[in-house]
Amino acid sequence: MKFLISTIILIVLQGCRQKQQPIKITSMENKEAKNNPYYSRTDTTKLTISNEEWKKVLAPDLYAIAREAATERAFTGKYNDFDELGDYYCAVCGNHLFRSTSKFSSSCGWPSFFEADKEGVYYKRDQAYGMDRVEVLCKRCDSHLGHVFDDGPKPTGLRYCMNSVSLEFVGDSQK
């Protein structure tokens with residue numbers, strides 16, 4: 001019984017863990033958008049940009065998470081304890097991903113949402129590290145955003161566990 005409980009605790013603690021070293025991000029400003037010719041909040045054209053090109057355009061921390069599926073440390077992301085009204089976009093390409101009204105406090109250490117923009121994301125099976133998870137990627141630029149789990153609140157029962165660095169927030173007051 002102790003082994004079973006220990007295993008469950010280990011799985012819960014590893015919930016959103018990925019293969020790269022954790023990265024701490026705190027600034028709210030998306031500086032990359034200014035130097036990124038592919039960034040647009042209105043263009044939904046699918047991008048087919050090489051990782052070599054993305055590496056030239058993106059900051060190292062954003063590149064590591066978005067293009068190499070790294071992760072930021074739990075409880076350190078700029079949107080983990082953030083609750084303003086607005087929209088979340090892909091920090092790499094500007095594609096719309098989430099509305100703040102679907103964000104909730106999951107206590108997992110990463111910003112969590114119960115619903116994504118159906119036109120903004122797609123999913124891929126991730127079996128890294130002996131876990132069977134569902135990776136969430138941006139539909140426009142194929143960047144890694146995080147994972148989705150089936151332990152979220154109603155009405156969907158889903159928990160989109162996202163990396164803050166992969167997101168850009170635009171408040172309703174800024175539109």
Side-chain angles (χ1 to χ4, degrees), residues 1-25 44 46-51 54-55 58 60-82 87-93 95-169:
M1 184 66 166
K2 283 184 179 181
F3 175 76
L4 179 59
I5 292 171
S6 297
T7 302
I8 290 170
I9 290 171
L10 181 61
I11 289 169
V12 169
L13 292 175
Q14 290 182 343
C16 290
R17 189 176 293 171
Q18 299 166 16
K19 61 186 171 191
Q20 301 291 331
Q21 288 290 353
I23 297 169
K24 181 178 170 142
I25 305 299
T44 58
K46 176 76 173 164
L47 295 171
T48 53
I49 310 302
S50 71
N51 278 344
W54 282 127
K55 197 166 200 166
L58 303 175
D61 55 350
L62 180 55
Y63 180 84
I65 290 172
R67 307 311 303 172
E68 297 177 332
T71 193
E72 61 200 7
R73 286 192 313 263
F75 303 103
T76 63
K78 59 188 170 183
Y79 300 124
N80 185 47
D81 292 322
F82 184 81
D87 291 287
Y88 291 85
Y89 297 87
C90 175
V92 173
C93 73
N95 195 34
H96 186 265
L97 304 171
F98 301 97
R99 177 73 186 148
S100 64
T101 52
S102 71
K103 190 172 187 292
F104 70 99
S105 178
S106 70
S107 302
C108 76
W110 291 269
S112 297
F113 303 83
F114 61 78
E115 183 175 49
D117 183 334
K118 292 175 183 72
E119 298 303 315
V121 301
Y122 76 97
Y123 310 94
K124 186 169 80 173
R125 189 173 187 184
D126 178 2
Q127 294 183 301
Y129 306 105
M131 294 183 278
D132 195 4
R133 302 179 293 176
V134 177
E135 182 180 11
V136 181
L137 298 107
C138 175
K139 199 178 251 188
R140 182 168 184 247
C141 70
D142 297 319
S143 287
H144 172 80
L145 304 169
H147 291 88
V148 64
F149 302 93
D150 62 1
D151 60 0
K154 291 181 181 182
T156 65
L158 299 174
R159 174 175 54 96
Y160 287 83
C161 183
M162 302 291 101
N163 288 288
S164 288
V165 74
S166 295
L167 304 174
E168 177 188 31
F169 177 81

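Computation of the quantities below employed the complete heavy-atom set of this structure, encompassing side-chain atoms and omitting hydrogens, waters and symmetry-equivalent molecules.
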Could you tell me whether Lys46 and Asp142 make a salt bridge, using a distance below 4.0 angstrom between a side-chain N and a carboxylate O?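 Looking at Asp142 together with Lys46, the answer is yes, because their closest N to O distance falls below 4.0 Å.
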Quick check for you: to the nearest 0.5 Å, what is the distance between [X] atom [atom1] and [Y] atom [atom2]?
{"X": "Met162", "Y": "Thr71", "atom1": "CE", "atom2": "OG1", "value": "10.0 Å"}
{"X": "Arg133", "Y": "Arg125", "atom1": "CZ", "atom2": "CZ", "value": "12.5 Å"}
{"X": "Leu158", "Y": "Ser102", "atom1": "CG", "atom2": "OG", "value": "10.5 Å"}
{"X": "Cys108", "Y": "Phe75", "atom1": "SG", "atom2": "CZ", "value": "7.0 Å"}
{"X": "Cys141", "Y": "Ile49", "atom1": "SG", "atom2": "CD1", "value": "9.5 Å"}
{"X": "Ser143", "Y": "Leu62", "atom1": "OG", "atom2": "CG", "value": "7.0 Å"}

Do [X] side-chain atoms and [Y] backbone N/O form a donor-acceptor pair below 3.5 Å?
{"X": "Lys139", "Y": "Thr44", "result": "no"}
{"X": "Asn163", "Y": "Val165", "result": "no"}
{"X": "Arg159", "Y": "Ser106", "result": "no"}
{"X": "Ser112", "Y": "Trp110", "result": "yes"}

Specify whether [X] and [Y] have parallel, tilted or perpendicular ring planes, treating 30° as the upper limit for parallel and 60° as the lower limit for perpendicular.
{"X": "His147", "Y": "His144", "result": "perpendicular"}
{"X": "Phe104", "Y": "Phe114", "result": "tilted"}
{"X": "Tyr79", "Y": "Tyr88", "result": "perpendicular"}
{"X": "Phe98", "Y": "Tyr160", "result": "perpendicular"}

Asp150 atom CG, neighbour heavy-atom count above 12 within 6.0 Å: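 12 or below, so no.
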Assess the residue pair Tyr123 and Val136 against the criterion (side-chain contact (heavy atoms from CB on, under 4.5 Å)); give the C-alpha distance rounded to whole Å, side-chain angles, the decisive distance to 0.1 Å, and a yes or no. CA-CA 5 Å; Tyr123 310 94; Val136 181; 4.1 Å; yes
Return the minimal non-hydrogen interatomic distance between Phe149 and Cys161, and the atom names on each side.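 That would be CE1-CB, 3.8 Å.
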In short, Ala69 meets Glu135 closest at the heavy-atom pair CB-OE2, 4.4 Å
Side chains of Phe82 and Leu167 in contact at under 4.5 Å (non-hydrogen atoms): no
Are any non-hydrogen side-chain atoms of Trp54 and Leu47 less than 4.5 angstrom apart?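 When only atoms from C-beta onward are counted, Leu47 and Trp54 do touch, with a gap below 4.5 Å.
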Please determine which of Val121, Leu137, Ile65 meets the side chain to side chain contact (heavy atoms under 4.5 Å, CB included) test together with Leu145. Val121
